[in-house]
Amino acid sequence: MSHISTPPKWINTMLRRLCKEQLLEEIEGDLLEYYKYWVLEYGAKKANKLYIWHAIKFLRPYALKRNKITHPTPIAMYKNYLIVSLRNFAKNRVYVAINAIGLGIALACCITAYLVLAYNIEFDDFHDEDKVADIYSIHSHYRLQDGRNVKSINAPVPLIPIVAQEIAGIERFCRFHREFGTVQHGSNVFNEGIAFADSTFFDMFDFPLIQGTHQNFKDRHSIFINQQMAEKYFGEEDPLGKTLDLTFINDTKIQVMVGGIVDKIPENSTFGFQSIMRFEHVQNINQFDPNDWSNWREPSTFVQLVSPENETLIEKQLIPYVKTRNEAYDQTHVTSFQLEPFKKAFSRDDTGGGYVGMRQPSAPLIVFISMAAIILLIACFNLTNTTIAMASKRLKEIGVRKAIGASKSNIMGQFIFETLIMVFIAMWVGLAMAQYIVPAFTDMWGIGLTLSDLNSINFFIAMLVLLFAASMLAGVYPAIFNGRFNPISLLKGNIKAQGTNLFTKALLTIQFALSVVVLIGGVVFMQNSKFQEGIRLGYDKDRLMTAVIQSNAEYDAIKNELIQYPKIEEVGVTDHHIAGGSYMGVITIDTMEYRVRHIGVGKNYLETVGLNLKDGRLLDLDREADQQNAVVVNKAFLDHIGTQHALNQTVTLRQRDYKIVGIVDNHINNLFKNNNLVDGKSEPTIFYPANPAHYKLLVVKSRRIEDIYAVRDELERIWEKNLPHRPFDFLFQDRYALADSKETNANLKKIFFFLTVLGAILSASGLFALASLNIEKRSKEIGIRKTLGASVSNILNLINREFAIILVLSVVLGSAGGYFLTEMLLETIYMLYIAVSIWTVLICGVFIFLIGISTTSTTIWKAAKANPIKSLRYE
Amino acid sequence: MRKTYIGELEEVVLLVTVVLDGQAYGVAITQEIERQLNRKISVSAVHSTLHRLANKGFVTSHMGGATEDRGGRRKRFFKITSAGSQILQEIQSVRSHLWNQISPNNLTI
């Protein structure tokens, strides 16, 4: 080798620092000898690595330097730090208040984000680990017609009873399902979601009871309810042993007896229910044969194995049933049934929940956590800037401390300690604010979890981590900054308050750019919610209202009376409804298959919703012929199958031939974008006659928009007269179709508004701190300029220039970022929206610029107005 | 009853120190162990073992002359003390005492 390689210097420095001097020579010597050998053997690169590794291995207790002097615990010093920092806080109350509030809000946001995170982390902690160790859920893997693979936690009804009989190794199983029904006790009548499970449910899973015994669930006609529901129906009465009358679809009536009151179940659990009864009733309600594989209702299914080692074996034995299932039901194609441990984490990202609760999907989780992190970052940077600003008044203190023996690390420790106290104060502010922010947030997103539901030990640890992370983020830079001064120049006064540097300028630019981004977001979502309310969806949205019914008989009972009311124009009935309840399925025309939206309609439905007829006629479902084989399609359907002459064409739908009798205009289901969308605007849709036994929605149209409230009152009166024991479950179509998008808009608007205010406050306070610092630095300059005749406005312009550049830069960056981000967000959520206009961006940018420049101007103005003699006499 | 115990690695290092006869220092001992016992050991482990042996009074050391090889750094040579020799003898005699009581038939492999 031509040149001599040497080991990295830093590792030798480290050795020299840490090892006893008397041992150093032999250690280094031996290492070096080896190093030469390694270089020859492996080359310089590997030799360096080996050298470092072996050098580190030398750091054993015998070789390490001992501290000769042991300091007494410096409690007095810490006391002094505490007193000095408190005095310092007292002197700078405004800065401290701004930072405590700003950082407090940021920490409150972090607490909120933690809540969402904890939802997933602590999911199903309610169930004891050992108790459910051998319980597995069955996942069905499907292949959809468009080639996508999906999986879902459910299985065909007959699968597990048959399998449990034929295969050894299954201890017991439980199927879990949900239905809607009407529950009545005396005069208390409400529509409820009810859970159904096999008799083994309480054997397999622990649910503490307030009253009753788990044994009662072995009785087929028992129902277990929670405290809330017990109060709703029975009030002060003792609910145990009382009966409830239930009515389900197909007018199925079931009487059940309350067998137990279940204690509160946390929101983040697989099983959440208000009331639960036996699975056998599902068969009665939906009138299916429990051995029928073609039944599309597939309950979530759980099995308890004799021993977990059998998992793969049993999974293998499930394979033959895939074929049985697919032969019986061909609407969806199952590829396999898999067993997954009960506690294994799945989220809605890739797994359908079936009828059970699941973890939150990761996308919003990431968004929330990164938002909280950004806010925390801004707040920490602010604290960094203000700490440096405040420290500039304390340079003499640092000088004195250093002169009497404080080392660099002592000074750093002091400043980090101060930041820690500051963050500690902010943490209390944050916890107080979280009491308001967290409920507001969880209400918005429908997460029924509160801070008190969380595991308190985890929460405490999370807060501790947050405290130290924030302190380090905010405190390290000022600590290094202040620790490295030379005490002599400090005491001589050679070092003046450092002005803005590139680092602080960059922080400020980012802060303001983010403020612009969130402001644009907020304004755009505000505009969009206005716009979407005004959209005509292709039918008489504004004049429609709906009420939930349970049978054709109920419709017949009130139809005639309704139509006589002069303000009502049309009355119809249906199974599915525009904007809700329909499904995507496959139809066949001339052996070609097409995927279209299926809407099963009832008598007079199409007339009532007011879809515009283009060609042919609408369905007349009082005629048996139409009920048997007539359908109506929309224009998007024609485009989809690629013909304009579809009238009288035969369509095969669910193994039955229909004739297209009419063509209607397109409508818009809802404003959300979904995967099924074909042309970006309207879906190809087929309206087919639903089985009258499935009718579940009454649709009423008023003559004029102004009449809708009068019509509702009349509808309610007629309802109560004719159907006194049925709950009046009513919605205006406007709510029906737009409720979700309205809510999303409102939520986003709130969040963006919150972020805008927060961002603006934080950024403005950061700017204020920086401007004050700058003026401090240049106070003499201002004094001299003034004595030489400069006016207040001259000085304003001069000092503002620097900040104007920062602001313009951040406004430009923020506008661009805000434009693209908001546009992207809108595009992923909605199919109909107003794009972000240049004017919006411009106005938002200018607005933030004005906030910024007025902050600096007022700060500078105060200094510029001051008597120059004061600043010149300073020192 | 012995007052001071000696571990297996310590025994090996001590023996090798004797084998190397005056030329025993960190690298030499390490390489000798690797060569003769076919045993992977790091130089730092040997150092710490030597340090322990010195504390127990089984070895003494002195610094050698400057060497070119090691960037001018001197080697520390180790030598066994009488206490060290005594303990090696003792170990040997205890072992042979035990071996003598074993009939070859009892050692099945």
Side-chain angles (χ1 to χ4, degrees), chain A residues 1-70, chain B residues 4-7 9-10 12-14 16-17 20 22-36 38-80:
Chain A
M1 269 221 245
S2 56
H3 71 280
I4 301 156
S5 11
T6 50
K9 274 214 180 89
W10 62 268
I11 191 79
N12 280 336
T13 318
M14 192 190 77
L15 275 178
R16 248 164 249 160
R17 252 191 213 170
L18 295 173
C19 286
K20 283 181 191 150
E21 253 159 70
Q22 66 267 33
L23 296 179
L24 199 63
E25 187 167 0
E26 50 187 299
I27 290 175
E28 279 189 340
D30 279 6
L31 274 173
L32 209 63
E33 220 179 307
Y34 258 105
Y35 180 75
K36 290 204 168 135
Y37 162 73
W38 288 325
V39 170
L40 288 177
E41 189 83 346
Y42 308 111
K45 216 169 164 187
K46 177 107 190 258
N48 277 348
K49 268 189 205 158
L50 281 167
Y51 187 91
I52 292 167
W53 174 234
H54 278 87
I56 289 170
K57 287 221 286 197
F58 263 108
L59 303 177
R60 298 170 187 232
Y62 81 91
L64 292 180
K65 261 184 204 164
R66 303 267 190 283
N67 268 339
K68 280 176 214 120
I69 315 154
T70 48
Chain B
T4 319
Y5 292 96
I6 184 166
L9 181 64
E10 285 170 7
V12 169
V13 171
L14 195 52
V16 172
T17 308
L20 286 171
Q23 291 306 308
Y25 72 103
V27 174
I29 296 172
T30 313
Q31 284 173 345
E32 200 62 18
I33 290 175
E34 281 180 1
R35 200 165 58 79
Q36 295 221 28
N38 197 16
R39 175 167 167 175
K40 205 108 184 90
I41 185 166
S42 76
V43 64
S44 54
V46 170
H47 270 249
S48 93
T49 311
L50 283 169
H51 187 79
R52 279 203 303 277
L53 286 171
N55 276 352
K56 289 175 180 175
F58 297 141
V59 291
T60 54
S61 62
H62 69 275
M63 300 304 281
T67 52
E68 202 187 322
D69 240 17
R70 304 154 58 95
R73 291 178 185 83
R74 293 172 297 166
K75 295 171 180 171
R76 184 186 288 275
F77 290 109
F78 289 86
K79 228 174 78 185
I80 191 159

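Only heavy atoms go into these numbers, but all of them, side chains included; no hydrogens, no water, no symmetry mates. Each chain gets a letter, A, B and so on, in the order its sequence line appears, and its residues count up from 1.
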Contact check, side chains of B/R52 and A/Y62, non-hydrogen atoms, under 4.5 Å
no
Pair A/Y37-B/V27, side-chain contact (heavy atoms from CB on, under 4.5 Å): steps then yes or no:
CA-CA 11 Å; A/Y37 162 73; B/V27 174; over 6 Å; no
Measure the spacing between CG of A/L31 and CZ of B/R70 and express it to the nearest 0.5 Å.
9.5 Å
Short N-O contact, A/E25 and B/R73, less than 4.0 angstrom:
no
Looking at A/Q22, I'd like to know if its CD atom is crowded, meaning that more than 12 non-hydrogen atoms belonging to other residues, nucleotides or ligands lie closer than 6.0 Å.
yes
Between B/H51 and chain A, which part of the residue has a heavy atom less than 4.5 Å away: side chain, backbone, both or neither?
side chain
Of the backbone (N, CA, C, O) and the side chain (C-beta and beyond), which part of A/I27 lies under 4.5 Å from a heavy atom of chain B, both, or neither?
both
Just verifying a value: how many Å separate A/H54 NE2 and B/S44 OG, rounded to the nearest 0.5 Å?
6.0 Å
Any chance NZ of A/K57 has more than 12 other-residue heavy atoms, nucleotides or ligands included, within less than 6.0 Å?
yes
When only pairs under 4.5 Å are counted, which of B/S48, B/A28, B/S42, B/A45 shares the most heavy-atom pairs with chain A?
B/S48
Could you tell me which residues in residues 29-36 of chain B have at least one non-hydrogen atom under 4.5 Å from a non-hydrogen atom of chain A, sorted by residue number?
B/T30, B/Q31, B/E34
Taking C-beta and beyond as the side chain, do A/E26 and B/K75 meet within less than 4.5 Å on heavy atoms?
no
Quick check: are there more than 12 heavy atoms from other residues, nucleotides or ligands sitting under 6.0 Å from NZ of A/K20?
yes
